[in-house]
Participant: 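Below is the structure I would like to discuss, written out as structure tokens.
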Amino acid sequence: MNWTALIVFILFFVLVTVLGFYAANWRRGDLRQLDEWGLGGRRFGTLITWFLLGGDLYTAYTFIAVPALMYGKGAIGFYAVPYTIIIYPFIFVVMPRLWSVAKKYGYITASDFVKDRFGSRTLALLVAFSGILATMPYIALQLVGMQTVLASMGLTGTGIIGDLPLIIAFAILAVYTYTSGLRAPAVIAVVKDLMIYITVIVAIVYIPIKLGGFGHIFSAAAAELPKHKPPGALVIGPSGFWAYSTLAFGSAMALFLYPHSLTGVLSSSSRNVIKRNSALLPAYSLALGIISLLGYMAIAAGVHPKTPNDAVPGLFLKMFPDWFTGFAFAAIAIGALVPAAIMSIAASNLFTRNVYKEYINPNCTAHQESSVAKLVSLLVKVGALFFIIFLPKEYAINLQLLGGIWILQTLPAVFIGLYTNWLHRHALIVGWLVGMITGTYMAVSQNFNSIYPLHLGGSVIPAYAAIYAVIINLALAVVLTPVFRAIGVKHGSDATAPHDYHFSSETIQG
Amino acid sequence: MNDQQQKKSELTAWHLLLIIPFIATLWMPFYASKDPVIWGIPYFYFYQSLWVVISAILTGIVYFATKNR
């Protein structure tokens with residue numbers, strides 16, 4: 001047991017918990033309204049939105065899963081950098097449209113929008129289902145991250161004792177999310193990011209000095225990676241080009257379809273907040289690049305963890321004094337808690353709006369609505385536990401990539417829907433269904449590794465299964481649209497108007 | 001179509017700048033090589049990290065150029 005690290009860790013964890021409960025009083029609003037509990041009253045400015053959206057990016061994915069992939073397989077793990085580069089120009093153009101139409105009609109979820117745009121409750125339900133389903137493995141990834149850090153400090157054991165620290169951390173998260181809603185992760189995200197930035201800066205300066213510079217780190221990685229099974233490489237060879245760029249592209253398109261990213265976008269106070277953030281958020285990508293290199297530093301430092309997920313914790317334990325290791329571990333664990341909170345809030349918003357209110361209790365009061373959302377936010381976390389127990393987690397990143405396959409199947413309805421309602425609702429439904437089935441099949445056939453080797457003619461093209469699935473999905477939607485029209489299946493009525501997509505609240509107030 | 005007209009007024013020539021990061025980072029033959037090594041960092045890693053900065057600057061330019069629309 002590493003007592004010094006553990007005590008520092010607990011101190012920071014308690015600090016953040018207190019903040020989480022205090023958050024209920026911050027920018028006070030009536031937390032019995034779903035807008036207030038689930039979107040913080042849509043009043044977050046540039047700075048808070050920056051932290052909140054950054055909170056979605058800086059997760060256990062960044063600190064545990066990406067470096068683990070670099071540690072085990074090399075350059076392929078660096079796809080996270082182009083992924084986070086191309087996402088922001090994309091947000092800049094697309095997301096203000098979603099913000100506007102959502103503000104005008106009071107949408108809280110992507111499903112709300114899809115229902116009005118295509119006049120289809122079924123399609124809206126499918127989008128909601130995809131969102132909830134895709135979020136669970138992503139939350140599970142956060143839990144794996146937390147578990148990894150706790151175990152590294154010596155909190156191991158068998159059976160229930162071994163899981164107890166995780167369950168405690170989880171219970172704390174659940175309770176303050178329940179009471180404070182989105183305000184809790186918004187407040188904590190600020191502290192969390194400061195802690196992460198300190199950790200990153202110290203790591204990037206201190207570790208390379210101790211290891212003899214970047215030149216040495218890269219040459220150690222170049223020497224070690226080919227010995228791994230399967231062998232890794234420092235640079236992607238031509239056979240891996242498609243895998244790398246489809247992982248980057250697919251993950252980028254998927255990120256802002258996730259309910260938790262949309263929550264961050266919709267809780268911002270204006271269109272301009274989103275645009276400004278597109279230019280400011282890449283600061284995170286730079287740090288992400290550095291963090292991913294921690295995987296190589298672990299190789300250079302001669303860390304030999306049991307699973308690749310332990311590479312970064314192992315590196316910190318070896319290189320840092322105990323007290324700083326405790327601080328860094330707290331940063332990672334809190335870095336897992338914040339997104340887990342945002343994700344469970346977002347998923348419960350989806351359930352409440354698009355399943356409960358739509359199908360179960362249409363006449364529910366605002367109070368009932370937020371009560372259901374709070375309860376479901378707890379259930380979603382339990383669902384996430386299911387993924388940890390039943391899926392292989394050698395590479396935790398596969399959990400995130402699996403969610404990406406599912407959420408990307410909502411792209412035709414949501415993103416293309418922002419620009420046109422030409423696609424027929426039934427064609428979208430068929431496309432979604434086939435996309436979900438083929439994508440899931442591809443992942444399962446590779447034992448939940450998300451790179452699928454597609455055999456085309458004589459050649460094999462390994463690429464991210466999400467991209468293959470969404471291509472099939474889109475192709476079907478496009479081909480079937482004229483077919484449904486021709487046989488006279490009624491097109492859904494569009495409740496939105498073209499100018500709604502440029503709507504800004506400033507024009508009303510001014 | 002009305003939708004089409006709206007799109008025209010929303011997007012400008014400035015927005016074309018936003019396509020550049022996609023091409024630069026997704027077309028791997030541009031950078032899938034170890035050499036040159038700069039400050040001990042292989043080109044593959046150096047190039048992509050540089051594009052984080054360039055992409056942010058491009059987005060910033062488009063933001064200010066289209067701000068009053």
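Numbers restart at 1 for each chain; the letters A, B, ... are given by sequence-line order, proteins then strands.
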Participant: Do A:Tyr244 and B:Phe44 make the cut of ring centroids closer than 6.0 angstrom?
Facilitator: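 Between B:Phe44 and A:Tyr244, which both carry aromatic rings, the centre distance is below 6.0 Å.
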Participant: Checking A:Lys275 against A:Phe92: charged group under 6.0 Å from the ring centre and within 45 degrees of the axis?
Facilitator: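 Yes - A:Lys275 lies over the ring of A:Phe92, closer than 6.0 Å to its centre and within 45° of its axis.
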Participant: So what's closer than 4.5 Å to chain A heavy atoms on B:Trp27: side chain, backbone, both or neither?
Facilitator: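 For B:Trp27, no heavy atom lies under 4.5 Å from chain A.
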Participant: Which value, rounded to the nearest 0.5 Å, describes the distance between A:Leu225 atom CG and A:Ile299 atom CD1?
Facilitator: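 Between A:Leu225 CG and A:Ile299 CD1, I get 4.0 Å after rounding to 0.5 Å.
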Participant: Name the member of B:Tyr45, B:Tyr43, B:Phe22, B:Tyr31 that forms the most heavy-atom pairs with chain A at distances under 4.5 Å.
Facilitator: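 Of B:Tyr45, B:Tyr43, B:Phe22, B:Tyr31, B:Tyr45 has the most heavy-atom pairs under 4.5 Å with chain A.
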Participant: Sort A:Phe218 into side chain, backbone, both or neither according to what part of it lies under 4.5 angstrom from a heavy atom of chain B.
Facilitator: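 A:Phe218 touches chain B through side-chain heavy atoms alone.
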Participant: I'd like to verify something: which residue of B:Leu26, B:Ile54, B:Ile41, B:Ile57 has the highest number of heavy-atom pairs under 4.5 Å with chain A?
Facilitator: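 If we count pairs closer than 4.5 Å to chain A, B:Leu26 comes out on top.
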Participant: Would you confirm whether the ring centroid of A:Phe415 sits within less than 6.0 angstrom of the ring centroid of A:Phe90?
Facilitator: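 Distance test on ring centres: under 6.0 Å, yes.
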Participant: With a 4.5 angstrom heavy-atom cut-off, is it the side chain or the backbone of A:Ala252 that approaches chain B, or both, or neither?
Facilitator: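 No part of A:Ala252 comes within 4.5 Å of chain B.
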Participant: I'd like to know if the side chain of A:Arg425 reaches the main chain of A:Gly119, judged simply by a donor and an acceptor atom lying under 3.5 Å from each other, with no hydrogens or angles considered.
Facilitator: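 Looks like yes, one N/O pair under 3.5 Å.
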Participant: Can you confirm whether A:Ser285 sits close enough to A:Val81 that some side-chain heavy atom of one is under 4.5 Å from a side-chain heavy atom of the other?
Facilitator: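 No, too far: nothing below the 4.5 Å cut-off.
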Participant: With only heavy atoms counted, which part of A:Leu293 is less than 4.5 Å from chain B, the side chain, the backbone, both or neither?
Facilitator: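 A:Leu293 touches chain B through side-chain heavy atoms alone.
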Participant: Find the one option among A:Gly215, A:Ala248, A:Pro96, A:Pro238 whose heavy-atom pairs under 4.5 Å with chain B are most numerous.
Facilitator: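 Sorted descending by pairs with chain B, the first entry is A:Gly215.
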